[in-house]
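Just so it is clear, the structure is predicted and the values come from calculations on it, not from any experiment.
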Number of protein chains: 2
Amino acid sequence: MLPYTANTLKAELNSRGWRLTPQRETILHVFQNLPHGNHLSADELHHVLSQRGETISLSTIYRSVKLMARMGILRELELAEGHKHYELNRPQHHHHHMVCVQCNKTVEFKNDSILKQSLKQVDRDGLQLIDCQLTVTTICPEAIRMGWPSELPSNWSCTRAISETAAEE
Amino acid sequence: MLPYTANTLKAELNSRGWRLTPQRETILHVFQNLPHGNHLSADELHHVLSQRGETISLSTIYRSVKLMARMGILRELELAEGHKHYELNRPQHHHHHMVCVQCNKTVEFKNDSILKQSLKQVDRDGLQLIDCQLTVTTICPEAIRMGWPSELPSNWSCTRAISETAAEE
DNA sequence: TAACAAGTGCTAATCATTTGCAACTAAGTT
DNA sequence: AACTTAGTTGCAAATGATTAGCACTTGTTA
Ligand SMILES: [Mn+2]
Ligand SMILES: [Mn+2]
Ligand SMILES: [Zn+2]
Ligand SMILES: [Zn+2]
């Protein structure tokens with residue numbers, strides 16, 4: 001799973017009857033040069049490109065990003081309400097996300113045991129694994145300081161949940 | 001975290017200035033009586049209720065289900081493209097999901113180590129955990145028989161990804 | 001270089017979810 | 001038990017992300 005170059009991307013596309021276009025190459029480059037830990041929505045990607053003067057229509061962005069996700073080049077993430085985010089799929093840097101439900105701030109973390117557990121589970125059921133994403137919804141310190149959440153029930157506590165779970169078995 | 005009754009639900013709602021309505025009680029009942037492993041979208045819930053003659057407007061369903069998710073009564077899941085699913089949140093039966101990208105068939109599985117890993121990670125960053133959901137995207141045996149996926153790159157392999165990851169550290 | 005299917009950029013749909021608003025009703029208060 | 005007030009509902013209209021239709025353009029292959 002080496003990083004894609006224009007050539008390997010072309011080969012990969014052509015082998016399935018698809019084509020390497022300047023747009024697809026550009027989009028790949030954006031993701032390849034995106035600092036680790038960053039994620040882009042279709043709209044954000046559109047803006048990034050506009051600022052560079054390399055305008056690609058929003059339709060094409062949606063189409064490309066979806067295609068590249070299905071190809072395994074990008075990972076499609078549900079980090080925020082209402083729209084998807086994408087990042088380069090680097091199996092060597094497989095990671096997961098913690099997201100604050102209040103401000104949507106996202107922190108990545110690595111944890112190989114999660115992929116291992118997933119693989120074990122998938123094998124048990126005769127499935128083939130494509131990806132696994134652990135999304136940890138959290139409240140960040142800032143949100144806590146702001147008095148959030150007022151909406152969680154008074155008896156709600158993640159640590160309580162986990163200790164009950166541990167106790168019962 | 002005992003299961004909600006009409007009374008405890010009312011207490012929980014009232015303590016935050018909200019009200020117990022017949023609609024909310026009905027919706028809770030539907031989820032409490034839903035067989036384990038089932039999940040409902042807003043629209044599916046609407047249909048289920050219609051069939052029973054207990055019509056609740058789709059708006060109210062969306063509003064209720066979102067509120068109950070924020071309260072920790074329901075879990076909001078991303079199991080299919082384009083719409084959310086909900087299930088009763090039972091911390092004692094905390095579990096994760098494997099979803100086939102082809103047919104969206106969903107299989108639940110328990111794995112306590114995942115919650116433990118999440119909790120550890122969250123503590124490390126000073127965050128408060130609300131929930132953690134591991135979504136394993138897979139291809140089911142039926143889909144494999146059907147020749148899917150034709151879209152994954154030829155060098156794509158989850159096991160390769162995991163072995164590379166393991167090798168590198 | 002020709003042939004043609006795939007891809008792009010418009011614009012116009014879709015479709016899940018949200019919102020505005022008037023009527024209704026829980027919950028707390030006399 | 002009636003009164004008050006703010007939360008809730010149901011309807012219809014709006015929103016907003018994503019998709020589809022289509023004429024035009026362009027990679028790819030022979
Ligand atoms: Mn990431
Ligand atoms: Mn479930
Ligand atoms: Zn936050
Ligand atoms: Zn399947």
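Under 3.5 Å, the side chain of B/Arg19 and the base of C/dA27 form no donor-acceptor pair of N or O atoms.
Annotation: of the two residues near DNA chain D, B/Gly17 and B/Ile61, the 5′-most nearest-nucleotide partner is B/Gly17. When each of A/Thr21 and B/Leu13 is assigned the nucleotide of DNA chain D with its nearest heavy atom, B/Leu13 is the one assigned upstream, toward the 5' end.
Residues satisfying the side-chain hydrogen bond (donor to acceptor under 3.5 Å, both in side chains) test with A/Arg19, not counting sequence neighbours, are none. Residues meeting the salt bridge (Lys or Arg N to Asp or Glu O under 4.0 Å) test with B/Arg75, sequence neighbours left out: B/Glu87, B/Asp131. For A/Glu78, the salt bridge (Lys or Arg N to Asp or Glu O under 4.0 Å) test picks out no residue, with sequence neighbours left out. Residues satisfying the side-chain hydrogen bond (donor to acceptor under 3.5 Å, both in side chains) criterion with B/Thr8, sequence neighbours excluded, are B/Thr5. Remark: A/Lys84 pairs with B/Glu81 by the side-chain hydrogen bond (donor to acceptor under 3.5 Å, both in side chains) rule, at least two apart or across chains. For B/Gln23, there are no side-chain hydrogen bond (donor to acceptor under 3.5 Å, both in side chains) partners, not counting sequence neighbours. With sequence neighbours excluded, the residues that form a ring pair (Phe, Tyr, Trp, His ring centres under 6.0 Å) with B/His97 are B/His39, B/His95.
The separation between A/His46 atom NE2 and C/dG9 atom C1' is 10 Å, rounded to whole Å. Taking atom CD of B/Glu78 as the reference point, atom P of D/dT18 lies 11 Å away to the nearest angstrom. For B/Glu54 and D/dT9, the CD to P distance is 14 Å, given to the nearest whole Å. The CZ-C1' distance, from A/Arg16 to D/dG27, rounds to 18 Å in whole Å.
For the helix from C/dT1-D/dA30 to C/dT30-D/dA1, the rotation axes defined at the first and last 5 base pairs enclose an angle of 40°, given to the nearest 10°.
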- Take nucleotides 15-20 of chain C nucleotide by nucleotide from the 5' end and write B, S or -, depending on whether a protein heavy atom sits under 4.0 Å from the base, only from the sugar-phosphate, or from neither. -SBBBB
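Applying a 4.0 Å cut-off to non-hydrogen atoms, the residues of residues 22-31 of chain A that approach DNA chain C are A/Gln23, A/Arg24, listed by residue number.
A distance-only check finds no donor-acceptor pair linking the side chain of B/His96 to the backbone of A/Leu134 [under 3.5 Å].
Using a 4.0 Å cut-off, no side-chain N or O of B/Lys10 falls inside it from OP1 or OP2 of C/dA26.
Residues in residues 46-80 of chain A take part in no ring-ring contact (aromatic ring centres under 6.0 Å, His included) pair, two or more places apart or across chains.
Ion pairing between B/Arg70 and B/Glu76 fails under the 4.0 Å rule for side-chain N and carboxylate O.
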What side-chain donor-acceptor pairs closer than 3.5 Å can you find for residues 51-60 of chain B, not counting sequence neighbours?
{"residue": "B/Ser57", "atom": "OG", "partner": "B/Thr60", "partner atom": "N", "Å": "3.2"}
{"residue": "B/Ser57", "atom": "OG", "partner": "B/Thr60", "partner atom": "OG1", "Å": "3.0"}

